[in-house]
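Take a look at the following structure, please.
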Protein chains: 2
Amino acid sequence: MSSNAAMAETAALVGDPARACMLNALMDGRALTAGELAGAAGITAQTASGHLARLAAAGLLAMERQGRHRYHRLASPAVARMLEAIMMVAGAAPPPARPRRTGPADAAMRRARTCYDHLAGQLGVAIADAMAARGQVELATDGGAVTPAGEDFLAGLGITSQAVGSRRAFCRPCLDWSERRHHLAGGLGAALCARCFELGWVKRVPQSRAVLVTRAGEAGLRRAFGIELD
Amino acid sequence: MSSNAAMAETAALVGDPARACMLNALMDGRALTAGELAGAAGITAQTASGHLARLAAAGLLAMERQGRHRYHRLASPAVARMLEAIMMVAGAAPPPARPRRTGPADAAMRRARTCYDHLAGQLGVAIADAMAARGQVELATDGGAVTPAGEDFLAGLGITSQAVGSRRAFCRPCLDWSERRHHLAGGLGAALCARCFELGWVKRVPQSRAVLVTRAGEAGLRRAFGIELD
DNA sequence: GCCATGCTTCGGCCCGGACCGAAGCATGGC
DNA sequence: GCCATGCTTCGGTCCGGGCCGAAGCATGGC
């Protein structure tokens, strides 16, 4: 059973704290240089170099040289999904343990962040809740669908069905790491996230997966979704 | 960022070949004794005991004592999904490598097997294809939905919508490990799988995730789905 | 009570691999 | 050409943890 060994090898790569840190830093979908990743993991450049080479060899990372720099990013959405899945199990892990402060310590991260290509945190959950409450999407633990009313609503936001995906069922729910509730992922989640950036409703916090809701964003989100973050 | 450490810890648990072997053996959803798991991993009982204790402490396994035996099973579907996700990355891993025989060496496994709670392999893919071709389900990479025609069809098979789930979108596609194509998972996949066992169309191969299609099953599958396994 | 079975705990061995210092290549700026 | 920057390779140290043998508890059969 060689597939067992392959699985163990892949998991072992994620199973080192320094590598996990680097992978996590790439979970926002951007590409970072080797130096930045070394800093994020708190290790020296030469140690990071070894790790990155192994991750790339295993197909977890894609590497791209640009001048003196080498940019690394997650090789595919499948890798991001794997990391999500691991994080979910890790988060729910201690079953008979003390409740233990859930989620990231960083308040901004808890409030709003990107999760590979879509929005998560309080913002992501609020959007999902609002769209579900208005009958714009139907959510279930195993999948979801956009309703006709939802398509109209998205069109009004400037999101075409082409941007979302060709089929009706493109709205994968993704259990939120800090909120422990579902938010919108999949094609719909990615399109909504991209549109929020385009509209200037949210902007990235440097060196972080966290995003800030701008003043225009607060107004826009209230108008479009009827949501009001604390 | 303590969540990083938690993720690494969880991944490291899967990252040991012996533990990966045991987790894999539990991927069919059944509960096995410590001795059986030790045998599956090719290690002694005392070594397995240590591994199992750690996996249980981390919330990956649930343990249940029954007489002298201790039965272990995956703690939750989330764990199974995590293992699936890791396997998927591991399978697709070597990107610039030789094509390398895909999937399990075992021919029976490739033909039909369970994947936690649903059917996979050629059989699983064939069912998904047949239902999609007949307009009974709509599949996308991020989710899926059963059509009204599909509900009628399922009712004819003796599968009520209660058995499948309360919402319309309960049919999560799951990328097949050996076939590299999608099959039906989620509530729908679980209900179909259970019904196939009830009808005696398939039966488990002892000590394996593989399942055999019975003579009655060949006829039933042909009649119900119009599929013909080689 | 006695023994067999199933599993766990303890102790000690040993190997893999994570880490860093130093040196070696590249690329870009001047 | 020269040096600075970014990254990699090499060599050596050190620690975590996987492994088994032996012994220690439970449970069940007799």
Side-chain angles (χ1 to χ4, degrees), chain A residues 1 4-26 30-58 60-73 90 96 207, chain B residues 1 4-26 30-58 60-73 90 96 207:
Chain A
M1 229 181 269
N4 258 340
M7 182 173 76
E9 200 177 338
T10 301
L13 286 172
V14 187
D16 176 80
R19 284 192 295 259
C21 212
M22 295 193 283
L23 290 169
N24 222 325
L26 295 169
R30 283 180 300 184
L32 300 178
T33 67
E36 288 169 325
L37 289 169
I43 53 181
T44 60
Q46 62 268 34
T47 302
S49 176
H51 285 315
L52 292 171
R54 291 182 59 186
L55 289 169
L60 299 201
L61 293 186
M63 200 253 290
E64 200 172 329
R65 16 196 346 158
Q66 206 168 96
R68 287 197 280 211
H69 297 273
R70 262 159 206 202
Y71 283 91
H72 300 262
R73 58 177 173 79
Q207 316 295 344
Chain B
M1 241 184 256
N4 258 340
M7 181 172 78
E9 199 178 339
T10 301
L13 285 172
V14 187
D16 175 79
R19 283 192 294 258
C21 215
M22 296 192 284
L23 290 169
N24 222 325
L26 295 169
R30 284 180 300 182
L32 300 179
T33 68
E36 288 170 326
L37 289 169
I43 55 181
T44 61
Q46 62 269 31
T47 303
S49 176
H51 286 315
L52 292 171
R54 291 183 59 186
L55 289 169
L60 298 200
L61 294 186
M63 199 252 291
E64 199 172 333
R65 13 194 352 157
Q66 205 168 95
R68 287 197 282 213
H69 297 274
R70 268 168 199 193
Y71 284 91
H72 300 262
R73 59 179 172 76
Q207 316 294 344

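The chains referred to below are lettered A, B, ... by the order of the sequence lines, with proteins before strands, and numbering in each begins at 1.
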**Asked** Atom CD of A:Glu36 and atom P of D:dT5: how far apart are they, to the nearest Å?
**Response** 17 Å
Could you list the donor-acceptor pairs under 3.5 angstrom formed by side chains in residues 37-51 of chain A, with sequence neighbours left out?
{"unit_1": "A:Thr44", "atom_1": "OG1", "unit_2": "A:Gln46", "atom_2": "OE1", "d": "3.3"}
{"unit_1": "A:Thr44", "atom_1": "OG1", "unit_2": "A:Thr47", "atom_2": "OG1", "d": "3.2"}
{"unit_1": "A:His51", "atom_1": "ND1", "unit_2": "A:Arg19", "atom_2": "NH1", "d": "3.1"}

**Fill in**
For DNA chain C, consecutive-pair runs of 3 or more (Watson-Crick or G-U wobble, both H-bond-type distances under 3.5 Å) give C:1-30 with D:1-30
**Prompt:** Whole Å only: how far is the CZ atom of B:Arg70 from the C1' atom of C:dT5?
**Reply:** 14 Å
**Request:** Would you give a per-nucleotide map of nucleotides 19-30 of chain D, 5' to 3', where B means the base has a protein non-hydrogen atom under 4.0 Å away, S means only the sugar-phosphate does, and - means neither?
**Result:** SBBB----BS--
**Request:** Would you mind reading off the distance between A:Tyr71 atom OH and D:dC7 atom C1', rounded to a whole angstrom?
**Result:** 14 Å
**Request:** Starting from P on D:dC7, measure out to CG on A:Leu37 and report it in whole angstrom.
**Result:** 9 Å
**Complete:** Of the listed D:dC7, C:dG6, C:dA18, the closest approach to the A:Arg19 side chain comes from C:dA18
**Message:** Whole angstroms only, please: what is the CZ-C1' distance between A:Arg54 and C:dA18?
**Reply:** 9 Å
**Over all atoms of both residues, closest heavy-atom pair of A:Arg30 and A:Leu26** = O-CD2, 3.6 Å
**Asked** At their closest point, which heavy atom of B:Ala8 faces which heavy atom of A:Ala20, and how far apart are they?
**Response** CB-CB, 3.7 Å
**Message:** Tell me the interatomic distance from A:Leu61, atom CG, to D:dC7, atom C1', rounded to whole angstroms.
**Reply:** 16 Å
**Request:** Write down the distance between CG (B:Leu55) and P (C:dC7), rounded to a whole number of angstrom.
**Result:** 16 Å
**Message:** Quick check: closest heavy atoms across B:Arg70 and B:His72, and the distance to 0.1 Å?
**Reply:** O-CD2, 3.3 Å
**Complete:** Of all heavy-atom pairs linking A:Ala90 and B:Thr10, the shortest is CB-OG1, 3.2 Å
**Item:** Spacing of B:Met63 atom CE relative to C:dG6 atom C1', expressed in whole Å
**Value:** 13 Å
**Request:** Can you sort out the partners of A:Arg73 under side chain to side chain contact (heavy atoms under 4.5 Å, CB included), two or more places apart, ordered by chain and number?
**Result:** A:Ala31, A:Ala62, A:Glu64
**Prompt:** Base, sugar-phosphate, or nothing: which does A:Ala45 touch, judged by heavy atoms less than 4.0 Å apart?
**Reply:** base
**Request:** Would you check if A:Leu13 and A:Leu23 make a side-chain contact, meaning some heavy-atom pair closer than 4.5 Å?
**Result:** no
